[in-house]
Amino acid sequence: MTKVAIITGSSRGIGKAIALELAAEGYTIVLNGRSEERLADTLEIIQKTQPNSISICCDVSILEGANLLISKTIETFGRLDILVNNVGISMRGHVAELNPEVFKTVFESNVLGTVYPTIPAIDHIRKTQGSIVFISSLAGIRGLPGLSAYCSSKMALRAIAESIRIEEKKNNIHVGLIFVGITDIEHNKETIAADGSKRVLASRKDKKVQSTESVAKAVYKNIRRRKFITVLTGIGRLNAFMQPRMPLIVERLILKNIHKFEEASK
Ligand SMILES: NC(=O)c1ccc[n+]([C@@H]2O[C@H](COP(=O)([O-])OP(=O)(O)OC[C@H]3O[C@@H](n4cnc5c(N)ncnc54)[C@H](OP(=O)(O)O)[C@@H]3O)[C@@H](O)[C@H]2O)c1
């Protein structure tokens, strides 16, 4: 029986690239997303490499959806080797202007949408001594202007990952935490505006961004080497080094470049 990997939010974007990478490495894939149509398109591509792969249409930020994802995977394959918690949504807006619902929506997606599938998955991953991977962001290293809910939700992933890593040491579960930099996005990717409404993000084609494929390769490398933390991009590694050692200098640099943050958050 080939090894089985679930990637939450894998009908497009970074999740889809991770699914393709793991399929190429021999894993049977369980795709996940909320749109049947997008899932069907992606499954067709994945099945060219891994014909037994399936998709499970459910919302992982809802307990029943997350439970279904894990139980249906076990029912179908009888094992689970990797869970990549990739689902996440960003937001825009300064705290003073935020509809408080923005925090609720972002935490439901990014934190509960990670914890809900992880809890029922742990027992199965203990049996395979596999991996649980959390897709964080460079925005999870320090609070950034206009991104308070997103930054704090991604910081929460670090605490969750650290707890599981210690709790499951004796069971030999690998826990990976990936700090992803600004990455190419698919057409119509949404963010949440300050008033709580959904807003389509502008294309990043003209900006210096990572490809989804390069992120996926880094995720697989993290899994293969059973590393804890992987920080992507040079600026990300510099930030991760400086933030704990000289946070006030980092703050001053951000203030000096505030226009770039405003521009990047468009
Ligand atoms: N793109 C970047 O620049 C960047 C940078 C750093 C970190 N990240 C992180 O990388 C991850 C993926 O980002 P992305 O840009 O690839 O996002 P994306 O293009 O918006 O894709 C999100 C995927 O998740 C699915 N999804 C969303 N909410 C879901 C839910 N509640 N339950 C099940 N599936 C759900 C979406 O499909 P449906 O809408 O059909 O459900 C889609 O397949 C996120 O955690 C993000 O924070 C991204």
Side-chain angles (χ1 to χ4, degrees), residues 6-21 29-43 45-46 55-70 83-92 104-117 133-141 144 147 149-158 177-192 198-205 207-216 218-219 230-233 235-236 239 264-266:
I6 299 176
I7 304 97
T8 69
S10 43
S11 60
R12 67 188 218 162
I14 292 171
K16 177 180 170 183
I18 297 170
L20 283 165
E21 178 71 19
I29 302 298
V30 179
L31 293 174
N32 160 251
R34 295 161 302 179
S35 151
E36 289 274 15
E37 207 183 323
R38 265 205 289 262
L39 277 173
D41 290 347
T42 306
L43 186 62
I45 300 167
I46 292 282
S55 67
I56 301 176
C57 187
C58 61
D59 184 339
V60 291
S61 71
I62 295 169
L63 194 52
E64 293 73 25
N67 285 338
L68 176 83
L69 180 64
I70 306 303
L83 170 65
V84 181
N85 284 302
N86 169 71
V87 159
I89 191 153
S90 67
M91 45 68 66
R92 302 287 184 263
K104 188 169 176 276
T105 311
V106 170
F107 270 68
E108 274 173 357
S109 163
N110 300 8
V111 180
L112 298 182
T114 290
V115 171
Y116 285 170
V133 178
F134 298 86
I135 303 299
S136 184
S137 160
L138 298 188
I141 295 173
L144 297 171
L147 291 168
Y150 185 63
C151 292
S152 51
S153 71
K154 291 299 189 184
M155 279 186 187
L157 297 190
R158 180 172 190 136
L177 177 62
I178 321 288
F179 291 92
V180 178
I182 188 155
T183 305
D184 199 6
I185 51 173
E186 288 203 22
H187 178 59
N188 279 344
K189 176 180 158 84
E190 289 177 330
T191 187
I192 302 171
K198 295 261 175 82
R199 207 185 81 189
V200 172
L201 281 167
S203 158
R204 292 177 179 167
K205 287 283 175 239
K207 292 185 184 154
K208 215 176 154 197
V209 294
Q210 291 175 274
S211 67
T212 54
E213 291 79 11
S214 69
V215 174
V219 170
T230 297
V231 184
L232 299 182
T233 76
I235 191 82
N239 190 11
S265 71
K266 278 183 188 156

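Starting from 1, each residue takes its place in the sequence as its number. Remember, it's 1-based here, ligands and their atoms both numbered in the order they're listed.
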- Message: Is there a polar contact, in the sense of an N or O pair closer than 3.5 Å, between Asp184 and ligand 1?
- Response: no
- Item | Closest candidate by heavy atom, reference atom 33 (C) of ligand 1, pool Cys58, Gly15, Ala17 | Cys58
- In this structure, atom 15 (O) of ligand 1 is nearest to the protein heavy atom Lys189 NZ, 2.8 Å
- Query: What do you reckon, does Glu186 put a non-hydrogen atom under 4.0 Å from ligand 1?
  - Reply: no
- Query: Quick one: which ligand 1 atoms are inside 4.0 Å of a heavy atom on Ile182?
  - Reply: 3 (O)
- Note on the structure: Within the 4.0 Å heavy-atom cut-off, what Arg204 brings close to ligand 1 is side chain
- Query: Can you tell me if Asn86 has a non-hydrogen atom under 4.0 Å from ligand 1?
  - Reply: yes
- Within 4.0 Å of some non-hydrogen atom of Asp59, the atoms of ligand 1 are 30 (C), 31 (N), 32 (N)
- Message: Please work out, at 4.0 Å between heavy atoms, whether the side chain, the backbone, both, or neither of Arg12 comes within that distance of ligand 1.
- Response: both
- Heavy atom of the protein closest to atom 5 (C) of ligand 1 (residue, atom name, distance): Gly181 O, 3.3 Å
- Note on the structure: Ranked by distance from atom 24 (O) of ligand 1, the top protein heavy atom is Gly9 CA, 3.0 Å
- Message: Is it the case that the side chain of Arg158 and the backbone of Ile141 share a donor-acceptor pair, with hydrogens and angles ignored and the cut-off at 3.5 Å?
- Response: no
- Item | Side chain Ser109, main chain Thr105, donor-acceptor under 3.5 Å | no
- Item | Enumerated ligand 1 atoms positioned under 4.0 Å from heavy atoms of Gly88 | 44 (C), 45 (O)
- First locate atom CG of Leu83, then atom CZ of Phe134, and finally report the distance between them rounded to the nearest 0.5 Å. 7.5 Å
- What are the two closest heavy atoms between Leu232 and Gly181, and how far apart are they? CB-N, 4.3 Å
- Task: Please state which part of Leu39 comes within less than 4.0 Å of ligand 1, counting heavy atoms only: side chain, backbone, both or neither.
- Result: neither
- Message: Just checking Glu186: does its CD atom have more than 12 heavy atoms from other residues, nucleotides or ligands closer to it than 6.0 angstrom?
- Response: yes
- Query: Minimum heavy-atom separation for Arg204 to Leu201, with atom names?
  - Reply: NH2-CD1, 4.1 Å
- Query: Looking only at heavy atoms, is any part of Ser136 under 4.0 Å from ligand 1, and if so is it the side chain, the backbone, or both, or is it neither?
  - Reply: backbone
- Message: By the definition side-chain contact (heavy atoms from CB on, under 4.5 Å), identify the one residue from Val60, Asn32, Ile178, Ile135 that meets it with Asn86.
- Response: Ile135
- Message: Closer than 4.0 Å to some heavy atom of Ile185 - which atoms of ligand 1 meet that?
- Response: 1 (N)
- Message: Regarding Thr191 and Ser90, do their side chains bring together a donor and an acceptor under 3.5 Å, going by distance alone?
- Response: yes
- Which heavy atom in Thr42 sits nearest to a heavy atom in Ser11, and how many Å separate them? OG1-O, 2.6 Å
- Task: Enumerate the atoms of ligand 1 whose separation from the nearest heavy atom of Asn32 is less than 4.0 angstrom.
- Result: 33 (C), 34 (N)
- Candidate with minimal heavy-atom separation from atom 8 (N) of ligand 1, of Phe179, Tyr150, Phe134: Tyr150
- Message: As a check for students: among Ala66, Ser11, Gly13, identify the option with a heavy atom nearest to atom 43 (O) of ligand 1.
- Response: Ser11
- Item | Taking every non-hydrogen atom, the tightest pair across Ala149 and Phe107 | O-CE1, 3.6 Å
- Pairwise side-chain contact, Leu20 with Ile46, heavy-atom cut-off 4.5 Å (strictly under): yes
- Numbered atoms and elements of ligand 1 in range of Ser35, under 4.0 angstrom, heavy atoms: 40 (O)
- Query: Quick one: nearest non-hydrogen protein atom to atom 35 (C) of ligand 1, plus distance?
  - Reply: Val87 CG2, 3.5 Å
- Query: Where does Lys154 meet ligand 1, judged by heavy-atom distances below 4.0 Å: at the side chain, the backbone, both, or neither?
  - Reply: side chain
- Message: Under the criterion side chain to side chain contact (heavy atoms under 4.5 Å, CB included), I'd like the reasoning laid out for Leu157 against Asn110: C-alpha separation, chi angles, the key distance, then a yes or no.
- Response: CA-CA 8 Å; Leu157 297 190; Asn110 300 8; 5.8 Å; no
- For Asn85 and Pro117, which heavy atoms make the closest approach, and how far apart are they? OD1-CG, 3.7 Å
- ligand 1-proximal atoms of Arg34, by part, heavy-atom distance under 4.0 Å: both
- Query: Between Arg38 and ligand 1, is there a nitrogen or oxygen pair with a distance under 3.5 Å?
  - Reply: yes
- Item | Ile235 CD1: over 12 foreign heavy atoms closer than 6.0 Å | no
- Considering only heavy atoms of Ser137, which atoms of ligand 1 have at least one such atom less than 4.0 Å away? 6 (C), 7 (C)
- Closest non-hydrogen atom pair, Cys57 against Leu68: O-CD2, 4.5 Å
- Item | Option set Val60, Ile14, Ile7, criterion heavy-atom distance to atom 48 (C) of ligand 1, minimum | Ile14
- Query: Considering only protein heavy atoms, which is closest to atom 6 (C) of ligand 1, and at what distance to one decimal place?
  - Reply: Val180 O, 3.3 Å
